[in-house]
Amino acid sequence: MVVGVLALQGSFNEHIAVLRRLGVKGVEIKKPEQLDNVSSLIIPGGESTTMAKLAEFHKLFPALREFVKMGKPVWGTCAGLIFLADKAVGQKQGGQELVGGLDCTVHRNFFGSQIQSFEADVSVPELASKEGGPETFRGVFIRAPAILEVGPEVEVLADYLVPSNKVLYSSSTVEIQEENSTPEKKVIVAVKQGSLLGTAFHPELTADTRWHSYFLKMAGEVGGGASSSSIVAVGEEDPGLNQQSKIDLPVFQ
């Protein structure tokens, strides 16, 4: 199995490193014709406006849309989720569809600016059921979006309880909270629709490989590629990989 990773900007190297740890080759995708050589694709996190401009410059959008329409497995993380959403609202994009295919409405930068990035344990019962491991996943949210609405064919895989009174700034002497805060509510942060997967957080920045394993098995089911038994589960050792390849990039523990 060879997995394409859109490599215009953002955390594509980190995705490729996790795929390597699982014994799967990941290749950088920068031109439309390169999509012909892969059967599945990861669209990584990054700066969605910059990624969109680069994709437009390289004339990638028609090929990406066709890739999705053909039913090939695609996983979008953070900015990649914004790319896949049928509707993205919030700053700059303002309802514009980039690639589309995922029947949901995403709010860009829902959780705030760069300084409001955070980590949190997210309940992932479906992931735990399929991949084992704990019932929670340590989500890394960096200028993260959130899913506001989903269509009837979309399966919600994870949601997050947004605290009331978001803290904008905190120190030992002062704490500034967001004005006009709303009561606690759940927002959706991971979804699946057919061969499409979307996560608002960055699994590639953690040591937990279960989301990548989950996607690879989705890809295997569609394309007849790697079987479940050929993908190393989280925490298992793969004798075919040397130790250096497993730790070639820093991860959050």
Side-chain angles (χ1 to χ4, degrees), residues 6 10-11 42-52 55 61 64-65 68-69 74-127 136-168 177-205 211 214-215 218:
L6 192 64
S11 56
I42 297 174
I43 305 178
E47 211 296 310
S48 60
T49 302
T50 300
M51 288 174 63
F61 278 123
L64 289 170
R65 291 172 186 142
V68 169
K69 287 179 181 177
V74 182
W75 174 21
T77 64
C78 196
L81 168 63
I82 296 170
F83 265 53
L84 289 180
D86 280 346
K87 186 176 182 182
V89 300
Q91 301 172 0
K92 297 179 184 178
Q93 244 66 48
Q96 175 188 358
E97 176 187 317
L98 296 173
V99 175
L102 194 54
D103 186 10
C104 67
T105 299
V106 169
H107 191 294
R108 299 177 74 253
N109 302 136
F110 176 86
F111 293 101
S113 64
Q114 189 80 21
I115 63 170
Q116 292 165 285
S117 301
F118 64 98
E119 294 182 48
D121 289 327
V122 177
S123 177
V124 287
E126 169 68 9
L127 185 70
T136 60
F137 186 92
R138 191 67 174 173
V140 179
F141 294 83
I142 303 175
R143 289 186 63 194
I147 300 165
L148 304 180
E149 297 177 344
V150 297
E153 303 299 318
V154 177
E155 180 183 359
V156 175
L157 301 181
D159 49 36
Y160 176 69
L161 186 64
V162 180
S164 59
N165 299 323
K166 289 184 188 177
V167 175
L168 300 182
Q177 294 182 328
E178 185 178 41
E179 294 181 0
N180 303 319
S181 59
T182 58
E184 284 187 330
K185 65 176 181 178
K186 285 185 177 180
V187 293
I188 302 166
V189 293
V191 293
K192 177 186 176 186
Q193 180 186 354
S195 58
L196 301 180
L197 180 66
T199 56
F201 45 89
H202 289 262
E204 75 280 8
L205 299 182
W211 281 108
Y214 184 86
F215 176 68
M218 282 176 54

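Annotation: side-chain contact (heavy atoms from CB on, under 4.5 Å) contacts of L197 (sequence neighbours excluded): W75, L157, K192, W211, Y214, F215, M218. Applying the side-chain contact (heavy atoms from CB on, under 4.5 Å) criterion to S123, with sequence neighbours excluded, gives P125. T136 is linked by a side chain to side chain donor-acceptor pair (under 3.5 Å) to nothing, counting only residues two or more places apart in sequence or in another chain. When the side-chain contact (heavy atoms from CB on, under 4.5 Å) test is applied to A158, the partners found at least two apart in sequence or on another chain are V122, V124, V189, A190. In this structure, the salt bridge (Lys or Arg N to Asp or Glu O under 4.0 Å) partners of E126, at least two apart in sequence or on a different chain, are K130. The ring pair (Phe, Tyr, Trp, His ring centres under 6.0 Å) search around F141 returns F111, F118, Y160, F201, not counting sequence neighbours. Looking at residues two or more places apart in sequence or on another chain, you find a side-chain contact (heavy atoms from CB on, under 4.5 Å) between D159 and K186.
The minimum heavy-atom distance linking M51 with G46 is given by the pair SD-CA, 4.0 Å. Heavy-atom minimum distance, I42 versus P44: O-CD, 3.7 Å. Contact between G198 and L81 at its shortest, heavy atoms only, is CA-CD1, 4.0 Å. Contact detail for F61 and A52: the closest heavy-atom pair is CE1-O, 3.5 Å. Residues I142 and L205 come closest through the heavy atom pair CD1-CD1, 3.7 Å.
Between the side chain of T105 and the backbone N or O of K87 there is no donor-acceptor pair closer than 3.5 Å.
Residues L84 and C104 are not in side-chain contact: their nearest non-hydrogen atoms beyond the backbone lie 4.5 Å or more apart.
Taking 4.0 Å as the cut-off between side-chain N and carboxylate O, E47 and R143 count as a salt-bridged pair.
Residue E204 holds its CD atom at 4.5 Å from OG1 of T77, rounded to the nearest 0.5 Å. To the nearest 0.5 Å, atoms CD (E149) and CD1 (I188) are separated by 9.0 Å. From S11, atom OG reaches atom NE2 of H202 across 5.5 Å, with rounding to the nearest 0.5 Å. Within the model, atoms OG of S195 and CG of L102 stand 10.0 Å from one another, a figure rounded to the nearest 0.5 Å. With values rounded to the nearest 0.5 angstrom, D86 atom CG is found 7.5 Å from Q193 atom CD.
Of the candidates T49, L98, N109, V99, L98 is the only one forming a side chain to side chain contact (heavy atoms under 4.5 Å, CB included) with I82.
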